[in-house]
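Remarks on the structure that follows.
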Number of protein chains: 2
Amino acid sequence: MTNIRKVAELAGVSVATVSRTLKTPDIVSPATRDKVLVAVEQAGYRPNLTAVQFRSQRTRNLVVLVPIIANTFFARVIGGIQEAAQRRGYGILLCNTLGDERTERAYAGLVSTRQADGLIQLRAYDPFTTSRGKARPPMVNACEVLDEAPCPTVKLDNRAAARAVTEHLLALGHRRIGMIKGPRNSPLTRDRLLGFQDALAAAGLMPDESLWCPGDFTPPSGHRAAGELLSRADPPTAIFCENDEMAMGAMRRIKEAGLRVPEDISVAGFDDIAFASFCDPPLTTIAQPAEDFGREAVALLLDIIDDRVDAADEHRIMPFELVIRESTGPAA
Amino acid sequence: MTNIRKVAELAGVSVATVSRTLKTPDIVSPATRDKVLVAVEQAGYRPNLTAVQFRSQRTRNLVVLVPIIANTFFARVIGGIQEAAQRRGYGILLCNTLGDERTERAYAGLVSTRQADGLIQLRAYDPFTTSRGKARPPMVNACEVLDEAPCPTVKLDNRAAARAVTEHLLALGHRRIGMIKGPRNSPLTRDRLLGFQDALAAAGLMPDESLWCPGDFTPPSGHRAAGELLSRADPPTAIFCENDEMAMGAMRRIKEAGLRVPEDISVAGFDDIAFASFCDPPLTTIAQPAEDFGREAVALLLDIIDDRVDAADEHRIMPFELVIRESTGPAA
DNA sequence: TCCTTTTATGTAACCGGTTACATTTGACGG
DNA sequence: CCGTCAAATGTAACCGGTTACATAAAAGGA
C-alpha cells in the first residue's frame with residue numbers, strides 16, 4: 001500500500017511535509033511542494049480516509065433515517081439532502097427504517113460511535129432517547145416532526161395546509177367531506193386532521209368522525225378506504241386524502257364504482273408528487289418544497305456540528321401551496 | 001472520552017482482554033468476562049468505529065451510485081440494497097449522481113480511499129476507468145449494465161421483455177406501434193428497442209423509425225412524446241413506452257386529445273411501479289423484481305469483498321413478467 | 001513431584017495519518 | 001561578522017482499537 005511514508009521517502013522529505021503539502025500548501029516552500037506533488041502523482045497516492053477520520057474525529061458523513069424510501073415524497077427529500085451534503089463535502093449514510101425503532105436506534109449508534117457526525121430523522125421519533133445524561137449527538141428532525149423535539153426541526157404547517165384544502169372543498173359547496181388519514185400516532189396525521197376540523201368549524205359544520213378512514217400512505221390503503229366510504233348509505237361528496245398516493249388509490253376505487261371524479265366525487269391529495277399532474281383527472285393537492293426540506297435540514301445540522309450554536313433551537317416552517325387541478329369540482 | 005483503556009482500568013484488566021471480551025468472548029474466562037462487561041456498562045463504553053475501521057481496514061460500508069433516486073423503480077432497488085446490506089452488517093453510502101460522471105468518480109473514490117469496501121453502480125458507466133493498472137476495487141453493476149462490464153452484473157433480459165410486450169400488442173391486432181424511448185446511449189433503451197424490433201420482424205413487419213420518439217423516463221417527456229405521435233397524419237394505434245412514468249405522461253396526453261385508452265390507442269409501460277395498477281386505466285407493463293436487483297447486487301458484491309472469487313464473473317439475469325391490465329386492447 | 005500442555009492474560013507494536021514542539025536554514029540589522 | 005528572528009522542515013507522540021507474541025497460571029500425565 002502506498003502510504004504517506006512511502007511518498008515522503010520518494011520525495012526525500014518527512015511525512016509531516018507531505019501532510020502539510022496536501023492540507024496547508026501555503027506553509028510549504030514552492031520547491032518542496034512541487035517535489036512532493038510529483039512524488040504523490042508518481043506513487044499514485046490517495047490518503048487513507050479511515051485514518052484521516054480516525055485522527056481528526058470527523059467523518060464528514062451524515063446518517064439519514066427515512067421511513068420509506070420508496071415513497072416519492074421522501075425520495076425527493078433525500079435528493080435534496082444528498083445534493084446539499086455533497087456540496088459541502090459530506091456523504092450520507094442512508095437507512096430505510098420502515099418505521100422500526102430498533103433499526104433507527106441502531107443507525108443512530110453510528111453517530112455515537114463516531115462513524116457519522118450527525119443525523120437527520122424524517123420521522124417523529126428520537127433515536128437517542130435512551131442515551132442517558134450524555135450530550136446529545138447532532139440531530140435535525142424534518143418532515144414529520146416531534147412535538148417537543150430536542151433538536152432543530154424543519155416542517156410544514158400541516159394544519160394550515162390541510163385547512164387550505166378543506167376550505168377549497170367547502171368553497172365548492174361540499175358539506176359531507178370524507179377524510180383518508182395517514183398512520184395513527186403520527187403528528188402529521190394529527191395536524192392535518194386538526195386543520196381539516198378548523199376549516200369545518202369555521203364554516204359552522206359539525207365534524208363527523210364516521211367519515212374518517214385510516215390509511216397508511218400507500219395507494220392500496222387509499223383504495224380500500226375509499227371503498228369503505230362509498231359503501232355507506234350517505235357517501236361523502238368529496239374526499240380529502242392525506243397524501244397523493246392514497247388519493248390515487250381512492251380515485252381508482254371511485255371509478256371502479258362507476259362514479260366520476262370530480263362530477264360525482266371530488267378528491268384532493270397532499271404532496272404534489274410527480275404523478276399528481278399526470279393522473280386522471282390531475283389532482284388538486286398541496287405542493288411542498290420537498291428538496292428544500294432536505295437542503296434546510298442539512299444546513300441546520302451542519303450549523304450544529306460546526307458549533308454555530310445559535311442554530312440549536314431553530315424551527316423552520318416551510319411554505320406550501322394549494323395547487324388546484326381538475327380532481328375537485330362543485331358539489332353535486 | 002471513554003475508550004478501551006478507561007474500561008480496562010475500571011475492570012482491572014488489560015486492553016487486550018477488553019477487546020477480546022467484546023470480539024471473541026469465548027476465549028475469555030467467564031469471571032473476567034463479567035468483570036469487563038460490568039465495566040463497559042458502567043463506563044457507557046461504545047467502541048470508536050473509525051478506530052476499528054482504520055485498524056481492520058474494513059469499513060462495512062458500500063457505496064451506491066443511483067442515477068435518480070426520485071425514480072420509483074430505483075427507489076425500490078435501493079430499498080432492496082439497503083435491506084440486504086443491513087442484514088449483513090453493512091451500511092450504504094448513497095449518491096444521487098444524476099448521471100454525472102464526475103460525481104460518480106468522486107464517490108467511487110470513497111472506495112479507493114478506503115471509506116467503503118465496495119460499490120454498486122446502477123448505471124452503465126465504469127467509475128474506475130481511469131484507475132491505471134491497479135487491482136479494481138470491488139464493484140457490481142446492476143439494472144442498467146455495461147455491455148463489457150469489468151465486474152459481475154445483475155440485469156433483466158430487456159430485449160426479451162420488450163419483445164413480450166410488443167408481441168402482446170401485435171396479438172391484439174396492432175400494426176402501427178409507436179415507441180417512446182429512454183435516453184439515447186443507454187444500453188437499456190437499445191435493448192428494449194431491439195426486442196421491439198425482434199417482435200415486429202417475427203411478425204413480418206418493417207420497422208418505422210419515424211414512430212420512435214425520445215424521452216427521458218419522466219412523465220413530462222412521455223407527455224411530450226405522445227403529443228408528437230398524435231400530431232401525425234397517421235398516428236399509431238398503440239404506444240409502447242420504455243417505462244411507466246412516461247406511459248402515464250402519454251396517457252394523459254392522449255386523454256387531452258379527446259381520445260380513449262385503450263379504445264382509441266393502447267398504451268404499455270415497463271417496470272410495474274406502484275401506480276401502474278392505480279392509474280386510469282391500469283397499465284399493461286413489465287413487472288421487474290426491483291428489490292431483488294438490489295439484494296442480488298449486494299450478495300454478489302460481498303462475494304467479491306470476501307474473496308469468494310468464483311463469483312467475480314457472475315452475470316445474473318432477473319426474471320420479468322408481462323402484466324396485462326386494461327391500458328391495452330384490440331386495435332381499432 | 002516434576003514436566004508438558006493447555007488456557008488465560010498481559011505487553012507492546014502497529015495501522016496511517018496529524019500536529020505540537022524541536023531543529024535547521026536563511027535573511028537581515030547592527 | 002555575529003546575533004536575532006522568521007520561515008521551513010523534521011521528529012515523534014498521538015488517536016483507539018487489534019493482535020502477534022510473551023508470560024503466567026492451571027490442568028494433566030508419568
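Protein chains get the first letters and strands the later ones, always in sequence-line order, with residue 1 at the start of each. In this text the structure is predicted, and so the values were computed from the model without any measurement.
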* Between Gln288(A) (side chain) and Ala290(A) (backbone), is there a donor-acceptor pair under 3.5 Å? ->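 No, because the side chain of Gln288(A) does not come within donor-acceptor range (under 3.5 Å) of the backbone of Ala290(A).
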* Salt bridge check: are Glu83(B) and Arg87(B) linked by an N-O gap of less than 4.0 Å? ->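 Yes, Glu83(B) and Arg87(B) are salt-bridged.
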* **Pair Asp306(B) + Arg58(B), salt bridge at N-O below 4.0 Å** => yes
* Contacts of Arg5(A) that satisfy side chain to side chain donor-acceptor pair (under 3.5 Å) - sequence neighbours left out ->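 For Arg5(A) there are no side chain to side chain donor-acceptor pair (under 3.5 Å) partners, ignoring immediate neighbours.
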* **Between Ser186(B) and Glu144(B), a side-chain donor and acceptor under 3.5 Å** => yes
* **Interatomic distance where CD1 belongs to Ile27(B) and P belongs to dT6(C) [whole Å]** => 16 Å
* **Reported OG1-to-CZ distance for the pair Thr97(A) and Arg102(A), which is rounded to 0.5 angstrom** =>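 So the gap between those two atoms works out to 13.0 Å.
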* Asked: Can you name the one residue among Asp126(B), Thr129(B), Asn141(B) that meets side-chain contact (heavy atoms from CB on, under 4.5 Å) with Pro150(B)?
  ->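 In the set Asp126(B), Thr129(B), Asn141(B), the residue that makes a side-chain contact (heavy atoms from CB on, under 4.5 Å) with Pro150(B) is Asp126(B).
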* Among residues 30-40 of chain A, which residues get a heavy atom nearer than 4.0 Å to DNA chain C? -> none
* Asked: Heavy-atom count around Gln57(A) CD within 6.0 Å, excluding the residue itself: above 12?
  ->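 Enclosed: over 12 neighbouring heavy atoms sit under 6.0 Å from CD of Gln57(A).
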* How does each nucleotide of nucleotides 11-19 of chain D score, in 5' to 3' order, for protein heavy atoms under 4.0 Å: base (B), sugar-phosphate only (S), or none (-)? -> BB-BBBBBB
